[in-house]
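A short write-up of the structure that comes next.
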Amino acid sequence: MTFQALIFDVDGTLAETEEAHRRAFNETFGDFGLDWHWSRAVYADLLKITGGKERIRHFIDHYRPGDAERVRDIVGQLHQEKTARYVRNMGGGGVRLRPGVERLIREAAAAGMRLAIATTTSLPNVKILLDEALGAGATGLFEVIAAGDMVAAKKPAPDVYLLALERLGLPADACLAIEDSYNGVMSARRAGITTLATTSDYTRLEDLRYAFGVLSDLGEPDAPFLHFSGVGAGESHVTVDLLQRWCRGRAMPY
Ligand code: XBP
Ligand code: MG
């Protein structure tokens with residue numbers, strides 16, 4: 001079957017955003033007078049939990065149980081402030097998409113392919129990233145944006161991908177997802193969607209075996225991706241034609 005829609009994850013897939021998230025969390029903790037600091041090592045562990053509020057609660061339970069009584073009731077407030085900070089910081093410029101992302105988005109749109117987003121992060125974070133990286137109004141390129149708390153269960157649960165499918169009005173096998181993490185690949189897979197993985201700073205050692213191909217990034221003609229497993233051997237950059245060819249070649253979605 002040829003696919004009709006491309007569904008992108010955001011964090012780690014469109015751009016390397018996790019250090020910007022980490023900075024926004026840490027700045028917010030400072031604002032609230034908390035003596036918490038998430039180092040890269042701590043954050044790598046916390047990233048197993050998707051969603052900022054869920055991540056903060058997990059941190060309290062596992063790293064700072066003594067703070068639970070004081071902080072439990074303000075997790076929502078903390079997270080709201082973190083989102084506002086992230087948006088302010090991203091608005092300062094310097095946002096770069098990962099290799100091949102803008103090229104593939106524009107190529108897919110020009111070819112009449114439908115575009116969607118399925119992400120755990122909050123909607124304002126998606127909008128600022130797209131506006132900053134692709135120009136104001138870039139969210140309009142995406143027919144469907146399924147994000148954050150629009151679903152009850154975050155990745156690796158399939159809910160956010162199921163929501164994207166429902167809003168697109170398409171079956172899973174008419175879509176292809178692009179993800180960067182174990183949680184993301186599992187979420188798409190549980191929704192029945194074939195998934196290509198491009199590894200990111202925090203996910204390169206994760207188990208991505210359920211992706212039908214694992215690459216370093218989407219590649220550019222003059223900056224080829226590294227091929228790690230599955231589809232993509234001998235190629236340099238991911239194109240719509242190549243994705244269609246790979247999809248026709250799959251025996252079963254999984
Ligand atoms: C990304 C995330 C997000 C961000 C934080 O996962 O886990 O939680 O780190 O975003 P994925 P919020 O790329 O799989 O969607 O603080 O807005 O929740
Ligand atoms: Mg991701």
Side-chain angles (χ1 to χ4, degrees), residues 7-29 36 38 40 42-60 74-90 95 97-98 101 116-130 142 144-164 177-191 193 195-208 210-211 214-218:
I7 310 179
F8 286 89
D9 167 50
V10 174
D11 295 307
T13 299
L14 295 185
E16 290 285 8
T17 48
E18 287 304 349
E19 283 300 276
H21 282 294
R22 188 168 74 88
R23 174 182 164 200
F25 279 115
N26 282 330
E27 289 176 352
T28 303
F29 301 151
W36 299 353
W38 290 357
R40 274 191 71 99
V42 166
Y43 198 61
D45 177 45
L46 296 176
L47 274 177
K48 289 180 204 137
I49 309 300
T50 56
K53 288 186 290 296
E54 294 80 354
R55 192 167 297 150
I56 294 170
R57 286 193 197 102
H58 177 90
F59 174 76
I60 297 168
I74 60 157
V75 170
Q77 249 173 286
L78 275 171
H79 188 253
Q80 237 172 33
E81 177 54 29
K82 178 261 167 179
T83 301
R85 274 208 164 263
Y86 180 91
V87 169
R88 270 205 307 281
N89 292 347
M90 292 296 249
V95 177
L97 297 179
R98 298 195 61 209
V101 168
I117 279 178
T119 178
T120 292
T121 205
S122 312
L123 191 57
N125 301 347
V126 181
K127 287 190 170 147
I128 190 73
L129 176 74
L130 294 176
F142 295 87
V144 167
I145 299 183
D149 293 327
M150 290 178 194
V151 290
K154 294 189 174 159
K155 300 174 187 178
D159 304 35
V160 73
Y161 276 98
L162 293 174
L163 179 66
I178 305 188
E179 272 287 354
D180 72 304
S181 68
Y182 170 82
N183 284 326
V185 170
M186 292 312 288
S187 173
R189 174 200 155 85
R190 286 172 180 156
I193 303 170
T195 308
L196 180 71
T198 54
T199 58
S200 63
D201 281 351
Y202 275 104
T203 67
R204 62 184 91 255
L205 298 178
E206 291 189 0
D207 177 2
L208 301 171
Y210 294 110
V214 183
L215 313 173
S216 58
D217 51 74
L218 295 173

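Start at 1 and go down the list; that is how both ligands and their atoms are numbered.
Side-chain contact annotation: Tyr161 with Arg189, donor-acceptor N/O pair under 3.5 Å absent.
To the nearest 10 degrees, the angle centred on the Mg ion (ligand 2) between OD1 in Asp180 and OD2 in Asp9 reads 80°.
Although no hydrogens or angles enter the test, the distance criterion places a donor-acceptor pair under 3.5 Å between the side chain of Arg190 and the main chain of Pro156. Side-chain N or O atoms of Thr119 include one that pairs as donor or acceptor with a backbone N or O of Thr121 at under 3.5 Å. In terms of modelled atom types and a separation under 3.5 Å, the side chain of Arg85 and the main chain of Ala24 share no donor-acceptor contact.
On a distance-only criterion, Thr83 and ligand 1 share no N/O pair closer than 3.5 Å. Backbone and side-chain nitrogen or oxygen atoms of Glu18 are examined, and one is located within less than 3.5 angstrom of a nitrogen or oxygen of ligand 1.
For atom 1 (C) of ligand 1, the nearest protein heavy atom (residue, atom name, distance) is Asp11 OD2, 3.3 Å. For atom 6 (O) of ligand 1, the nearest protein heavy atom (residue, atom name, distance) is Thr120 CB, 3.7 Å. Closest to atom 18 (O) of ligand 1 among all protein heavy atoms lies Gly52 N, 2.6 Å. Nearest protein heavy-atom neighbour of atom 17 (O) of ligand 1: Ser122 OG, 2.7 Å. Nearest protein heavy-atom contact of atom 12 (P) of ligand 1 is His79 NE2, 3.3 Å. Of all protein heavy atoms, the one closest to atom 10 (O) of ligand 1 is Thr121 OG1, 2.7 Å.
Heavy atoms of Phe8 found under 4.0 angstrom from ligand 1: none, in either backbone or side chain. If you look at Asn125 next to ligand 1, the close heavy atoms, those under 4.0 Å, all belong to the side chain. Looking at Lys53 against ligand 1, nothing comes within 4.0 Å, counting heavy atoms. The residue Lys154 has no part lying near ligand 1, judged by heavy-atom distances below 4.0 Å. At a heavy-atom cutoff of 4.0 Å, ligand 1 is contacted by the side chain of Asp9 but not by its backbone.
Those atoms of ligand 1 with a heavy atom of Tyr43 less than 4.0 angstrom away are 9 (O). Close contacts between ligand 1 and Lys82 involve ligand atoms 5 (C), 10 (O), 12 (P), 16 (O), 17 (O) [criterion: under 4.0 Å to a heavy atom].
Comment: Lys154 does not engage Asp159 in a salt bridge, judged by the lack of any side-chain N to carboxylate O separation of less than 4.0 angstrom. Between Arg98 and Asp180, no side-chain nitrogen of the basic residue sits less than 4.0 Å from a carboxylate oxygen of the acidic one, so the salt-bridge criterion is not met. The pair Arg88-Glu81 meets the salt-bridge criterion, with a side-chain N (NZ, NE, NH1 or NH2) lying under 4.0 Å from an Asp/Glu carboxylate O.
Distances from atom 9 (O) of ligand 1 to the heavy atoms of Lys155, Arg55, Arg22 put Arg55 nearest.
In this structure, Thr119 is part of the shell of residues with a heavy atom less than 4.0 angstrom from ligand 1. Taking 4.0 Å as the cut-off, Gly51 counts as a neighbour of ligand 1 on heavy-atom distance.
The Mg ion (ligand 2) has no N, O or S atom of Glu179 closer than 2.8 Å.
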Go through the steps to decide whether Glu19 and Tyr202 satisfy the test side chain to side chain donor-acceptor pair (under 3.5 Å), and finish with yes or no.
CA-CA 9 Å; Glu19 283 300 276; Tyr202 275 104; 2.6 Å; yes
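Of all heavy-atom pairs between Ala147 and Val160, the closest is N-CG2, 4.3 Å.
Heavy-atom contacts from other residues, nucleotides or ligands closer than 6.0 Å to NZ of Lys127 number 12 or fewer. Counting non-hydrogen atoms of neighbouring residues, nucleotides and ligands closer than 6.0 angstrom, the OH atom of Tyr182 reaches no more than 12 such neighbours. Counting non-hydrogen atoms of other residues, nucleotides and ligands closer than 6.0 Å to CD of Glu16 gives a total above 12.
The name of the N, O or S atom in Asp11 nearest to the Mg ion (ligand 2) is O.
A ring-centre distance under 6.0 Å is found for Phe29 and Trp38.
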